[in-house]
Amino acid sequence: VEKFLSYDHMLQVCEELNEKHLPKLNDDAFSNTIDEVLNRIDLDAMDVLQLAYEKLLQTVDSEITKLEDATSITPSCFKGCAHCCYFPIITSQLEGKLLARKILSFPEERKADILAHLKQYFETYENNEVFSIDFQNEPDFKKQYISKQVPCPLLDTKTNMCKAYEVRPIPCRTYLNYSNPSVCNDTLIPKETFSYEFFGEFYSNALNEVIQTLLYEGEDLPKLNYPKDIIEYDYLPNLLKRELDL
Ligand code: SF4
């Protein structure tokens, strides 16, 4: 068995996914996650939303694993490889808020470490030009951003590890490599990599459904500005800076 998929093999896998697996895709796993969190009557509404966010992120991971198993592929991504942590990570304001809220809930030592790291980060990259590239209107924003090699604020550039790995956003989960990891080292935007972007939509719809149910039931979501927070997107550095007041 080859260890890494060639580009041609990856194309065959994409074809198999498109023909056999994607047409059968449904949001059952996401619906089950919604039901599970909405049953948590022991939690207040903001904590239900926080839990939904975390569980839905995990649902994306497990759905990706199902497709990998179905097509017999395994990512070649490894701990300590962080080329995609120099990509623009764009999330909704809501996700920025929930990620910031999670960081603030970490045990004291971990929280202090991340906040000190972020403070240092924003001293280094304060108002970096990449944070204002217009991703909605500049067709090559991704290339412009990556070519400046500005790391993600949550990347520990000494260890190449993510400081909030368990709550890293969707783009960090859906972008994977199945071919030789050297392609990520050799090219800014390798053609061999694969993105399960379609799960992002299931995930956002599910998160939105949780919010709508909570609001409909008259629950109070004090940290939420609805629908603005789910409609507006920004680069993760801008969102964290704003939410954590850095
Ligand atoms: S959130 Fe974590 S995994 Fe995602 S780009 Fe940043 S450091 Fe990398």
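The shown structure was predicted, so the numbers you read here are calculated from the model rather than taken from an experiment.
- Both L94 and L43 are members of a single hydrophobic cluster when ILVMFWY side chains are connected at heavy-atom separations under 4.5 Å.
- When hydrophobic clusters are built by joining Ile, Leu, Val, Met, Phe, Trp and Tyr residues whose side-chain heavy atoms come closer than 4.5 Å, directly or via intermediates, I133 is grouped together with Y233.
- A salt bridge between K158 and D156 is absent, with no side-chain N of the basic residue lying under 4.0 Å from a carboxylate O of the acidic one.
- A distance-only check finds no donor-acceptor pair linking the side chain of R101 to the backbone of L98 [under 3.5 Å].
- S92 places a side-chain N or O within 3.5 Å of a backbone atom of E95 that can act as its donor or acceptor partner.
- For P237 against Y121, the heavy-atom pair with the smallest separation is CG-OH, 4.1 Å.
- With contacts defined as side-chain heavy-atom distances shorter than 4.5 Å, the pair E192/M10 does not qualify.
- Atoms CG and CG, from D220 and L214 in turn, are 10.5 Å apart once rounded to the nearest 0.5 Å.
- L207 has its side chain within reach of Y53: a pair of non-hydrogen atoms, C-beta onward, lies under 4.5 Å apart.
- Contact record, F30 with V60: CE2-CG2, 3.8 Å, taken as the closest heavy-atom pair.
- Between Y175 and F87, the distance from one ring center to the other falls under 6.0 angstrom.
- In terms of hydrophobic clustering, with Ile, Leu, Val, Met, Phe, Trp and Tyr side chains grouped at heavy-atom distances under 4.5 Å, L104 and L49 are assigned to a common cluster.
- Taking 4.5 Å as the limit, every side-chain heavy atom of K223 sits out of range of all side-chain heavy atoms of Q50.
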Problem - Residue pair D234, F135: steps toward the side chain to side chain contact (heavy atoms under 4.5 Å, CB included) verdict - result: CA-CA 9 Å; D234 203 346; F135 58 84; 4.3 Å; yes
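- Residues Y226 and L99 share a hydrophobic cluster, clusters being chains of Ile/Leu/Val/Met/Phe/Trp/Tyr side chains in contact below 4.5 Å.
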Exercise for the section: Please step through salt bridge (Lys or Arg N to Asp or Glu O under 4.0 Å) for the pair E19 and K24, ending with a clear verdict. Expected result: CA-CA 9 Å; E19 282 171 12; K24 286 192 291 188; over 6 Å; no
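- When each of K142, K143, Q144 is checked for a side chain to side chain contact (heavy atoms under 4.5 Å, CB included) with P88, only K142 meets the rule.
- Annotation: side chain of C184 is in contact with side chain of T193 (closest heavy-atom distance under 4.5 Å).
- A 4.5 Å side-chain heavy-atom check between F122 and N127 finds every atom pair outside the cut-off.
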Problem - side chain to side chain donor-acceptor pair (under 3.5 Å) evaluation trace for S204 with E201 - result: CA-CA 5 Å; S204 313; E201 208 168 304; over 6 Å; no
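- L215 and L221 make their closest contact through CD2-CD1, 3.7 Å (heavy atoms, listed as atom of the first residue, atom of the second, distance).
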Exercise for the section: For the pair N180 and S182, evaluate side chain to side chain donor-acceptor pair (under 3.5 Å) and give the outcome as yes or no after the intermediate values. Expected result: CA-CA 5 Å; N180 195 316; S182 65; 3.1 Å; yes
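- With values rounded to the nearest 0.5 angstrom, L118 atom CG is found 12.5 Å from D245 atom CG.
- Rounding to the nearest 0.5 angstrom, the gap separating the OH atom in Y203 from the CD atom in E197 is 14.5 Å.
- Each of K102, R110, K55 was evaluated against E166; a single residue qualifies, R110, per the salt bridge (Lys or Arg N to Asp or Glu O under 4.0 Å) test.
- For K163, the NZ atom sits in a packed shell: over 12 heavy atoms of surrounding residues, nucleotides or ligands are nearer than 6.0 Å.
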Exercise for the section: Report the C-alpha separation of L188 and Q149 in whole Å, then their side-chain angles, then the decisive distance to 0.1 Å, and conclude whether the side chain to side chain contact (heavy atoms under 4.5 Å, CB included) test is met. Expected result: CA-CA 9 Å; L188 280 183; Q149 287 291 286; 3.8 Å; yes
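- The aromatic rings of Y178 and Y196 lie perpendicular to each other, with more than 60° between the two planes, well past the 30° mark.
- Counting heavy atoms from C-beta on, the side chains of L5 and I73 come closer than 4.5 Å.
- P181 and S76 get closest at one heavy-atom pair: CG-O, 3.7 Å.
- Applying the 6.0 Å contact sphere to CD of Q212 captures more than 12 heavy atoms from other residues, nucleotides or ligands.
- Of the possible polar contacts, none joining the N177 side chain to the V183 backbone as a donor-acceptor pair under 3.5 Å is found.
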Exercise for the section: Please report the C-alpha distance between I89 and C172 in whole Å, then the side-chain angles of each, then the deciding distance to 0.1 Å, and finally whether the side chain to side chain contact (heavy atoms under 4.5 Å, CB included) criterion is met. Expected result: CA-CA 8 Å; I89 301 299; C172 318; 3.9 Å; yes
Exercise for the section: List the steps, then state whether side chain to side chain contact (heavy atoms under 4.5 Å, CB included) holds for S179 with Y7. Expected result: CA-CA 7 Å; S179 62; Y7 182 51; over 6 Å; no
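- Rounding to the nearest 0.5 Å places OH of Y145 at 13.0 Å from CD1 of I189.
- Closest non-hydrogen pair, N238 versus F131, comes out as ND2-O, 2.9 Å.
- Using a 30° and 60° split on the angle between ring planes, F199 and F202 fall in the tilted class, from 30° to 60°.
- In this structure a side-chain-to-backbone donor-acceptor pair under 3.5 Å is missing from S72 to E68.
- We find the NZ-SG distance between K79 and C162 to be 11.5 Å, quoted to the nearest 0.5 Å.
- A donor and an acceptor atom, one from each side chain of D35 and N32, are nowhere located under 3.5 Å apart.
- The shortest non-hydrogen separation linking C152 to L236 is SG-CD2, 3.9 Å.
- One N or O on the side chain of T159 and one on the backbone of M161 form a donor-acceptor pair closer than 3.5 Å.
- No side-chain heavy atom of N225 sits less than 4.5 Å from a side-chain heavy atom of Q93.
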Problem - Audit row: N208, N205, side chain to side chain donor-acceptor pair (under 3.5 Å) steps and yes/no - result: CA-CA 5 Å; N208 194 19; N205 290 343; 5.8 Å; no
Exercise for the section: Dump the intermediate steps for side chain to side chain donor-acceptor pair (under 3.5 Å) on Y235 and N128, then the final yes or no. Expected result: CA-CA 12 Å; Y235 294 111; N128 192 286; over 6 Å; no
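- Residues L11 and L67 do not share a hydrophobic cluster, clusters being chains of Ile/Leu/Val/Met/Phe/Trp/Tyr side chains in contact below 4.5 Å.
- You'll find the side chain of E63 stays beyond 4.5 Å of the side chain of F198, heavy atoms only.
- If you take CG on L17 and CD on Q12, they are separated by 12.0 Å, rounding to the nearest 0.5 Å.
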